[in-house]
Amino acid sequence: MSTRRGPAHKIGLGLVGGLSALALTACAGSTDTGAGDTSSAEASTVTLVTHDSFNVSEDVLAAFEKESGLTVKQVAPGDGGALVNQLILTKDAPLGDVVFGIDNSFATRAIDEGVLEPYTPAGLADTAAQYAVGDGELTPVDLGDVCVNVDHAWFTAAGIPEPVTLDDLTEPEYKDLLVVTNPATSSPGLSFLLATVGAYGEDGWEGYWSKLKDNGVKVADGWSDAYYVDFSGSEGKGPRPLVLSYSTSPAFTVTEDGTETTTGALLDTCFRQVEYTGVLAGAKNPEGAKKLVDFLVSDAFQADIADNMYMYPADADTELPEGWAEFAPLSPSPFEVAPADITAHRDEWIKAWTSTVIG
């Protein structure tokens, strides 16, 4: 399984170590209570089940733990798709108390499977509430646009105009230039599949992918391989100047003087991904779970999202890093697919995509 995030490569290289350290800290805190204080340990520990790209500043997390009296333990079973699958498989013996990282491509599946307990935090901003799904089961925390990214320098050197639209990507001048990720193994890949469903409809998206296949699209299992190995605009200097990533990815390729970026996002190719948190049904520490959900929508955590996970905070009033307006904009009109349609057709669309593109 891939990590679901494109843009977290620069500041996120220490993510695994950081999560491991936080997990070890949490474990150390819980074992200090001793074998005879199991109930006390459970009451003071809250377990967050999340995807493997979750990150938070140590000082922000420490402040929450000090104020709440809780120790946060993190469990990361995989990317966004794997996360939902694991929650469903373990719903009779849940992996933790809170989930973060279910996105809008899997939200209704998680709700329909009954893995969540309704809870709406009092501090939820109005700008975040517009993305809510269900009846309080999932609370929006952050969002980002999955888009095709372009290597400006490659196209300048080749003397080829950069593509702009989804249709452009099927044109002969862009043959063998695009790498995307597999929607069966990558949540950005699924988001891009949904972008094409939104753009061409249920009767047209498969034909579009047939054109992409004929035009030499490459499919990677996960974002890391696509961005670092195949993409010419990343550190790996691969052979393909078009890659599926996020609209925030160009914020990581800004020149040293900060005046420009060497890559860009094609904002007419995007699907908006919204990530949610929720209390897990059967949580051992439901009160602690509610406090943690409150924390994830708090001003402190919302202000921490952009620098650590390179997604947009769901609270639109949160101050963003310098340069984001110029180098990491959201699409003004991302493609959309209704959550109910995603629920009804997700597996069917992935199977059809596999048949069309992989064979």
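When a residue number appears, it is its place in the shown sequence, counting from 1.
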**Asked** Do the side chain of Asp97 and the main chain of Pro286 share a donor and acceptor less than 3.5 angstrom apart?
**Response** no
**Asked** Thr139 and Thr277: side-chain donor and acceptor closer than 3.5 Å?
**Response** no
**Asked** Using the benzene-type ring in the case of Trp, are the ring centres of Phe192 and Trp209 under 6.0 Å apart?
**Response** yes
**Asked** Heavy atoms, side chains only, cut-off 4.5 Å: are Val141 and Gln302 in contact?
**Response** yes
**Thr181 versus Asp221, side-chain donor and acceptor atoms under 3.5 Å** = no
**Item:** Test ring-ring contact (aromatic ring centres under 6.0 Å, His included) applied to Phe295 - qualifying residues, sequence neighbours left out
**Value:** Phe64, Phe301
**Item:** side chain to side chain donor-acceptor pair (under 3.5 Å) evaluation trace for Tyr246 with Gln273
**Value:** CA-CA 10 Å; Tyr246 280 74; Gln273 186 181 57; 2.5 Å; yes
**Prompt:** Can you check whether Tyr310 and Trp324 have ring centres sitting under 6.0 Å from each other?
**Reply:** yes
**Item:** N-O pairing of Asp230 and Lys218 below 4.0 Å
**Value:** yes
**Request:** For residues Val150 and Leu266, report the shortest heavy-atom separation together with the two atoms involved.
**Result:** CG1-CD2, 3.9 Å
**Asked** Where do Ala328 and Thr248 come nearest, in terms of heavy atoms and distance?
**Response** CB-CA, 3.7 Å
**Short side-chain to backbone donor-acceptor contact, Ser191 and Val146, under 3.5 Å** = no
**Message:** I'd like to know if the side chain of Asn182 reaches the main chain of Val219, judged simply by a donor and an acceptor atom lying under 3.5 Å from each other, with no hydrogens or angles considered.
**Reply:** no
**Message:** Checking side chain to side chain contact (heavy atoms under 4.5 Å, CB included) between Val133 and each of Val274, Asn104, Leu138, which is the one that passes?
**Reply:** Leu138
**side chain to side chain donor-acceptor pair (under 3.5 Å) partner of Glu348, chosen from Arg346, His345, Lys351** = His345
**Asked** Going from CG on Leu178 to CG on Leu169, what distance comes out if it is rounded to the nearest 0.5 angstrom?
**Response** 5.5 Å
**Request:** May I ask you to test the Tyr174-Ile160 pair for a side-chain heavy-atom distance under 4.5 Å?
**Result:** yes
**Message:** Before you tell me yes or no, could you show the steps for Phe335 and Phe271 under ring pair (Phe, Tyr, Trp, His ring centres under 6.0 Å), namely the whole-Å CA-CA distance, both residues' side-chain angles and the distance that decides it to 0.1 Å?
**Reply:** CA-CA 5 Å; Phe335 294 108; Phe271 182 84; 9.0 Å; no
**Any donor-acceptor pair under 3.5 Å from Ser210 side chain to Glu206 backbone** = yes
**Where at least one partner belongs to residues 113-124, residue pairs that pass salt bridge (Lys or Arg N to Asp or Glu O under 4.0 Å), sequence neighbours excluded** = Lys91-Glu113
**Message:** What I want to find out is whether Asp145 reaches Arg272 closely enough, with some N-O distance under 4.0 Å, to be called a salt bridge.
**Reply:** yes
**Pair Lys290 + Glu287: basic N to acidic O under 4.0 Å** = yes
**Prompt:** In Å, rounded to the nearest 0.5 Å, how long is the span from CG of Leu292 to OG of Ser68?
**Reply:** 8.5 Å
**Backbone N/O of Ser57 and side chain of Asp304: donor-acceptor pair under 3.5 Å** = yes
**Whether Asp168 side chain and Val164 backbone form a donor-acceptor pair below 3.5 Å** = yes
**Item:** Connected via hydrophobic side-chain network under 4.5 Å: Tyr276 and Ile88
**Value:** yes
